[in-house]
Amino acid sequence: MRKNQLLGFAEQITKTGNWQWDLNTNKIKWSTNLFRIFEIEEKSEIHFDTYFSFVHPDDREKVTQKINTLLENKKFESVIHRIILKSGVIKTVELLATASLDRSGKATELIGTLQDVSEQRAEQRKFKGLLESAPNATFIVNKDNIVQMINKQAVNLFGYTSEELVGKSIEVLIPSRFDEKRAPLRQAFFDNPSIITYDISVNFYMINKQKKEIPVEITLGPLQVEGDILLSVVVRDVTVEKNYQEKILKSKEDLELLTKELTAQNHQLADFTQITSHNLRAPVSNLNSLVDIYRQMDDETERHELFKKFETVISHLTLTLNTLIEALVAKSHNSLEHSDLLFSDALTKTEEIFTAEILRTKAVIKSDFTEVNSIRYHKIYLESIFQNLIGNALKYKSRERILELEISSKIDNGKVVLSFKDNGLGIDLEKHGHKIFGLNKVFHNHPEAKGIGLFMTKTQIEAMGGKITVTSKVDQGTTFNIHFI
């Protein structure tokens, strides 16, 4: 008696009733709680059609098929369907059944349970509604990575139907290269399910049914269901954002390139301004010196010969001006025109520009370009290198001896090296070595020292990818080595 009371109490709590159907006598018995579920008098006479009279018309065929399957195959899977009470209330119930067989294997009795699952189904529908209303694709996954539920957004994003994914591993949607990154995150999540959400990666991709990778942002969250922890996986397609991000990065790169080009142009303008003021000073100064020499000459033949030098210097001055003007239209150092240039041509032009100074000081300039006599370079820069270094040698020659300047070229480790070696005043490198190529840095008390030539020479050489080095001893001389790329 007490056992029956406990069973009845348990049925009330679980909203479950049990039934028996004797197939030989066709008698059907219901438990007390089953009458309560159907809201009919407990002493009402029960027939086979009594149950079916409550089954929702749209579900009768499904229930009939399940009963027939049980009778034929002696196997019965649970069926969830609706019933309509006399009051018009619709409930959702889950029917379970099994068959008792005689020795011949014939079914003699059906027994089973029926549970009112209306509240659970309502909660499921409510959850499903919330899931469907989510703006992003969402998966509910268990600890084994098996998909339990997905929403329409997930169907639309990945191209699979719900039937194709539910019950399958979510791994089919994730490239294997992310396995190593995901493993510790999953472990951390299930070790501490109180974590609300966190992103897997800002550069995470998933695969749709067409095997196309989609850039996504993943957010994980815990979901407590009947004492079990499930994983809510929210997937946000960031393709548009990715495209915008790429456009922004491209715009940033373009802007940086433009800034670099503008900076290069500004540097070039400043560079050529220095070249104009510095390189033109030498021929102008030589013209003035030639004028002084011309005035001191009485012999007309000598004056005539000297006048030819005027023409040469003026010609070089005109050519330099025209070349500088053409070069100012260049957009950047990289766009400067390169051509094959002879070292001897650059030297000859420089010697002609410094004619007066060479005559006055009786300087000796020697050259040896036998190992390598040319280079592919920018004409203005090469001539500027020769003019600045030869001009420096003339300017800082020793008063104790005639200037001797040796200019030579060679190949070192496959690279061209051009050397300017003089026997002039030299530079104290221990004292001035760190600033020898600095702007406006001078190391000798000379009235024409501006501290521009070496700075400009280094800038031009490095702009073309090369470098310049120096060795020097006080009162013995200086050697400049230009290492071309």
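Sequential numbering from 1 along the given sequence is applied to the chain's residues.
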Where do I46 and K29 land on the side-chain contact (heavy atoms from CB on, under 4.5 Å) test, with the steps shown first? CA-CA 7 Å; I46 302 299; K29 294 181 180 180; over 6 Å; no
Step by step, would you call N33 with S31 a side chain to side chain donor-acceptor pair (under 3.5 Å)? CA-CA 6 Å; N33 205 52; S31 67; over 6 Å; no
After noting the C-alpha distance and the side-chain angles of N392 and T478, does the key distance pass the side-chain contact (heavy atoms from CB on, under 4.5 Å) rule? CA-CA 10 Å; N392 266 16; T478 302; over 6 Å; no
Are I218 and V233 close enough, and set up right, to give a side-chain contact (heavy atoms from CB on, under 4.5 Å), and what steps lead you there? CA-CA 7 Å; I218 300 293; V233 182; 4.0 Å; yes
Start with the C-alpha gap between D59 and R82, add the side-chain angles, then the distance that decides, and say whether salt bridge (charged side-chain N to carboxylate O under 4.0 Å, His left out) holds. CA-CA 7 Å; D59 295 344; R82 292 162 294 174; 3.1 Å; yes
Salt bridge (charged side-chain N to carboxylate O under 4.0 Å, His left out) between R236 and E241: does it pass, once the steps are laid out? CA-CA 11 Å; R236 189 166 69 89; E241 294 178 18; 2.4 Å; yes
Give the C-alpha distance, both sets of side-chain angles, the deciding distance and a yes or no for side-chain contact (heavy atoms from CB on, under 4.5 Å) between F52 and T50. CA-CA 6 Å; F52 271 87; T50 302; over 6 Å; no
E164/K168 under salt bridge (charged side-chain N to carboxylate O under 4.0 Å, His left out): CA gap, chis, key distance, verdict: CA-CA 8 Å; E164 288 176 314; K168 306 294 192 306; over 6 Å; no
Could you give me the CA-CA distance, side-chain angles and deciding distance for T32 and E42, then say whether side chain to side chain donor-acceptor pair (under 3.5 Å) is met? CA-CA 6 Å; T32 299; E42 185 176 349; 2.8 Å; yes
Please assess K66 against E61 for the test salt bridge (charged side-chain N to carboxylate O under 4.0 Å, His left out), listing each intermediate value before the final yes or no. CA-CA 9 Å; K66 291 289 184 179; E61 183 178 353; over 6 Å; no
Step by step, work out the side chain to side chain donor-acceptor pair (under 3.5 Å) result for N388 and S384. CA-CA 6 Å; N388 281 324; S384 180; 3.3 Å; yes
Per-pair distances, 0.1 Å, donor-acceptor, side chain in residues 414-421, under 3.5 Å, sequence neighbours excluded:
residue	atom	partner	partner atom	Å
S419	OG	N481	OD1	2.4

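Side chains of I140 and I150 form no contact here, defined as non-hydrogen atoms less than 4.5 Å apart. Side chains of T469 and T479 form no contact here, defined as non-hydrogen atoms less than 4.5 Å apart. A heavy-atom distance below 4.5 Å is found between the side chains of N68 and T64. Counting heavy atoms from C-beta outward, T98 and I111 have side chains that approach closer than 4.5 Å. Contact check for T239 versus I214: side-chain heavy atoms found under the 4.5 Å cut-off. Within the 4.5 Å cutoff, the side chain of I407 has heavy atoms near those of the F386 side chain. Inter-residue side-chain proximity for V55 and V63 is flagged as met; some heavy-atom pair is nearer than 4.5 Å. With contacts defined as side-chain heavy-atom distances shorter than 4.5 Å, the pair Q153/N136 does not qualify.
Without hydrogens or angle criteria, S409 side chain to V372 main chain gives a donor-acceptor distance under 3.5 Å. At least one donor-acceptor pair closer than 3.5 Å links the side chain of H56 to the backbone N or O of D58. Under the 3.5 Å distance criterion, the side-chain polar atoms of T113 are left unmatched by any main-chain donor or acceptor of N18. Of the possible polar contacts, none joining the E94 side chain to the V117 backbone as a donor-acceptor pair under 3.5 Å is found. Using a distance-only test at 3.5 Å, with no hydrogens or angles considered, no donor-acceptor pair links the side chain of E383 to the main chain of Y381.
Considering all non-hydrogen atoms of both residues, S169 and V147 come closest at C-CG2, 4.5 Å. Across every non-hydrogen atom of A99 and L110, the tightest pair is CB-CD2, 3.6 Å. Taking both residues in full, the closest heavy atoms of A137 and L157 are given as CB-CD2, 4.0 Å, listed atom of the first, atom of the second, then distance. Shortest non-hydrogen contact noted between K379 and L341 is CA-CD1, 3.5 Å. Nearest heavy atom pair, residue I84 against residue P57, reads CD1-CD, 3.9 Å. The heavy-atom pair separating H47 from I28 by the smallest distance is C-CD1, 3.5 Å.
In this structure, CG in L165 is found 9.0 Å from NZ in K209, a value given to the nearest 0.5 Å. Expressed to the nearest 0.5 Å, how far OG1 of T457 lies from CG of L389 amounts to 5.0 Å. Considering CG of N156 and CG of N208, their distance stands at 12.0 Å, rounded to 0.5 Å. Going from atom CG of N142 over to atom CE of M149 covers 12.5 Å, rounded to the nearest 0.5 Å. To the nearest 0.5 Å, the span separating CD1 on I37 from CD1 on I40 amounts to 11.0 Å. Taken from CG in D340 to CZ in R376, the straight-line distance is 5.0 Å, to the nearest 0.5 Å.
Classification of K242 and E217 as a salt-bridged pair fails, no side-chain N sitting under 4.0 Å from a carboxylate O.
In this structure, F158 has its ring center under 6.0 Å from that of F139. Annotation: Y51 is not in aromatic contact with W19 [ring centroid separation under 6.0 Å not met].
Remark: W21 engages F48 in a ring-ring contact (aromatic ring centres under 6.0 Å, His included) (not counting sequence neighbours). Not counting sequence neighbours, F480 has no partner by the ring-ring contact (aromatic ring centres under 6.0 Å, His included) test.
In the displayed structure, K212 atom NZ is contacted under 6.0 Å by at most 12 heavy atoms of other residues, nucleotides or ligands. No more than 12 heavy atoms of other residues, nucleotides or ligands sit less than 6.0 Å from atom CD of E41. Counting heavy-atom neighbours within 6.0 Å of Q210 CD, excluding the residue itself, gives a total above 12. For NZ of K473, the number of neighbouring non-hydrogen atoms (other residues, nucleotides, ligands) closer than 6.0 Å is 12 at most.
Under the 30°/60° scheme for interplanar angles, the aromatic rings of F204 and F178 are found to be tilted.
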